[in-house]
Amino acid sequence: MAAVVIVGGYSIAMSRAAVGSGAATARQRITAATRQQNNTAIARRRQRCYSCAPPQSHPFGSHNNNGIMLRYCPATRSGRSNFDFRARLPSATRQKQQQQQQRIQFSTKSQHHPPSSANNTSKNQTIRTILSSSSFQNATPTAHPLLRHLTQSLQQTLLKPRSLPLPRYISPQHYSFTLSECFGHSSFIFVAASYLTQDFLELRIMAVLGSTSMLFFTYFHPHGRVLWLPLKWNVLFIAINSYRIGKVLYDRYMAGLVSDELKGFREEHLNVVDIVDYYKLMRIAKEEVYEEGDLVLGQGYPNPNIRIVLEGELQVLRDGTLTYVLEKGNFVSESGLHAGLLLRGGIESCGSIVVGRPFDPTGSQNGNKKQPNDTQINNIRKKNRVRCLRWDRGELVELLEDDKALRNALQAALSWDIVRKLKMQRHMLTAGRVKDPAAWTQKREDQGISRYASILQNMLQHTEECQDMSEMLTKYRMIHHIDDRDHERALAECGWTEEEFRLGKKRQVVEDEEEEELESAQWRRVKRYSSKVVRSLLQ
């Protein structure tokens, strides 16, 4: 019995010893595996790290831009190779907790700004400011100290990061901007606004403001480099638009120096013409004064001028018959200018223009025995004095060709002038200034055909421009009711045919039988005389 007890105790002791030795072996294995893992981790940390966290959140040190560790772990510096990295490495439970915490932060991102993004933004802005300052120092190395100081001050002011204070209920995000970026946006805003304006001066001013804003943006660029290519082009655009603005302001200033009388005349008769265009017309015009009984222009004489009546009354006669009257504001000898016919040189006058006596509405000059009152007597005794403005046709045509807006405005004024002349002819009939309406109508028709023939004669003298003005000539014929029969009649007066006018050149007749016969007879006599001379010499 005692032996059995002894044997059982020994077996139990042996089993306990075996268990203890197995536990020690397992512990040694775990320690060796842990040591191997630590050594492997240290070796990996010493090598280049390609997939690491940002420098401010890396658990083992900071890295440069190439991913190389700049600061080793404390275990390496202290020489402890058995440093337990498991305390630093996250476990599975800790990884789950971090993932859950990241989900919570992502869900609440609309309420909290992550500090890491703000730090990155501030660092990027600092780097950008450093680069921009260095680029500006390299761009102007030899500048004057005062200019360099001014440039640096502007650079610091325009590139200083500024935050946009938006309430969180509008936008939870953080917005930052610089004054240089504001200049860039304002440049495009000015360009877009210039497309909406119709005034020439406003368009040029907006163009200058837009180019100036872009000038600041390209020189003080947020990336820190001066964009020289767009900067130089914007300088050129500013110079061109500034010249145009100065020219417009100068013309408006000179237009303001026009006399009050001419300004009132424009408001009354030429209000469709702009004040600057009106100044251009007055600049090349010359004033003429005629007294009663003077002849302004004779019938059949070439007239190289265009006139407008400032004061008084002119009478137009066709073969001694009064056809119409020209009053204040009426044009004289425009000759198709209202239809767009820009003719140069002299145009033959279709009637005589004289300064006649003032019209007597009482009829006392026609044998009427009715005695006029004192006011009518004073009006009758008042002499007719006429003042006109005269333009040279060629000089005026050159001005109209250079300025399309002035040409359109003057054509509109001439169209209204034709309407006024037609109303004046009707007033002549009702006022009794026409004695024989039938003869008066016939003279007016003859005058119209003669005027059209004079226009054709001027065009045929410049055949190279005849084809270009064919459309305007058709428009003139429609306005004045010139049919094909009248057109052929006017061409016949000029010595042309319809076919020659359509071809744009006149046929030259080279056959002359009499001259050929005369030349042949003279040639026969020369040959006969020469033959006689030869025979005499041979004999």
Side-chain angles (χ1 to χ4, degrees), residues 54-56 64-65 109 112-197 199 201-246 249:
Q56 63 271 15
N64 59 6
N65 295 331
K109 188 177 179 180
H112 301 281
H113 299 289
S116 61
S117 62
N119 294 332
N120 291 334
T121 304
S122 61
K123 289 184 178 181
N124 293 334
Q125 291 173 351
T126 305
I127 294 172
R128 183 175 59 185
T129 305
I130 294 172
L131 291 175
S132 61
S133 60
S134 62
S135 65
F136 282 116
Q137 290 175 1
N138 295 330
T140 57
T142 60
H144 193 271
L146 182 60
L147 181 60
R148 189 185 302 112
H149 176 71
L150 179 61
T151 305
Q152 292 178 357
S153 301
L154 287 176
Q155 181 261 332
Q156 293 177 1
T157 304
L158 296 178
L159 296 181
K160 179 182 178 181
R162 305 170 190 272
S163 60
L164 190 64
L166 290 177
R168 294 186 180 274
Y169 61 85
I170 295 179
S171 176
Q173 298 182 0
H174 179 76
Y175 294 98
S176 63
F177 68 96
T178 61
L179 294 181
S180 177
E181 294 174 350
C182 294
F183 275 109
H185 291 300
S186 63
S187 173
F188 291 99
I189 292 175
F190 281 123
V191 172
S194 65
Y195 295 150
L196 303 177
T197 182
D199 185 71
L201 184 60
E202 293 179 359
L203 188 146
R204 295 289 180 176
I205 292 176
M206 290 184 181
V208 169
L209 292 177
S211 298
T212 305
S213 300
M214 184 56 65
L215 201 67
F216 279 94
F217 178 72
T218 53
Y219 193 81
F220 301 99
H221 199 271
H223 291 175
R225 296 184 60 186
V226 180
L227 305 180
W228 291 108
L229 180 63
L231 186 141
K232 294 177 181 178
W233 277 107
N234 281 284
V235 169
L236 178 62
F237 296 154
I238 290 173
I240 294 174
N241 289 315
S242 300
Y243 166 74
R244 299 290 293 177
I245 290 173
L249 294 177

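Every heavy atom of this structure was used, including side-chain atoms; hydrogens, water molecules and symmetry mates were not.
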- Query: Once the angle between the rings of Trp228 and Tyr219 is folded into 0 to 90°, is it parallel (under 30°), tilted (30 to 60°) or perpendicular (over 60°)?
  - Reply: perpendicular

- Query: His221 vs His223 aromatic rings, parallel, tilted or perpendicular, using cut-offs 30° and 60°?
  - Reply: perpendicular

- Report yes if some heavy atom in the side chain of Leu229 is under 4.5 Å from a heavy atom in the side chain of Thr218; otherwise report no. no

- Message: Quick one, Leu201 and Ile245 - any side-chain contact, counting heavy atoms below 4.5 Å?
- Response: yes

- Query: More than 12 foreign heavy atoms under 6.0 Å from CZ of Phe188: is that the case here?
  - Reply: no

Return the minimal non-hydrogen interatomic distance between [X] and [Y], and the atom names on each side.
{"X": "Thr157", "Y": "Leu179", "value": "O-CD1, 3.8 Å"}
{"X": "Leu203", "Y": "Ser194", "value": "CD1-O, 3.7 Å"}
{"X": "Lys160", "Y": "Thr178", "value": "O-CG2, 3.8 Å"}
{"X": "Glu181", "Y": "Pro222", "value": "CG-CG, 3.7 Å"}
{"X": "Phe220", "Y": "Leu159", "value": "O-CD2, 3.6 Å"}
{"X": "Ser163", "Y": "Pro165", "value": "O-CD, 3.3 Å"}

- Working for side-chain contact (heavy atoms from CB on, under 4.5 Å), residues Ser213 and Phe190: CA-CA 9 Å; Ser213 300; Phe190 281 123; 4.1 Å; yes

Between [atom1] of [X] and [atom2] of [Y], what distance do you get to the nearest 0.5 Å?
{"X": "Leu227", "Y": "Leu215", "atom1": "CG", "atom2": "CG", "value": "11.0 Å"}
{"X": "Arg204", "Y": "Ile240", "atom1": "CZ", "atom2": "CD1", "value": "8.5 Å"}
{"X": "His149", "Y": "Gln152", "atom1": "NE2", "atom2": "CD", "value": "8.0 Å"}
{"X": "Phe216", "Y": "Ser187", "atom1": "CZ", "atom2": "OG", "value": "12.0 Å"}
{"X": "Leu146", "Y": "Arg148", "atom1": "CG", "atom2": "CZ", "value": "10.5 Å"}

- Task: Using atom types as modelled and distance alone, determine if a side-chain donor or acceptor of Ser211 lies under 3.5 Å from a backbone N or O of Ile238.
- Result: no

- Message: Strictly distance-based, threshold 3.5 Å: is any side-chain N or O of Ser242 a donor or acceptor partner for the main-chain N or O of Ala239?
- Response: no

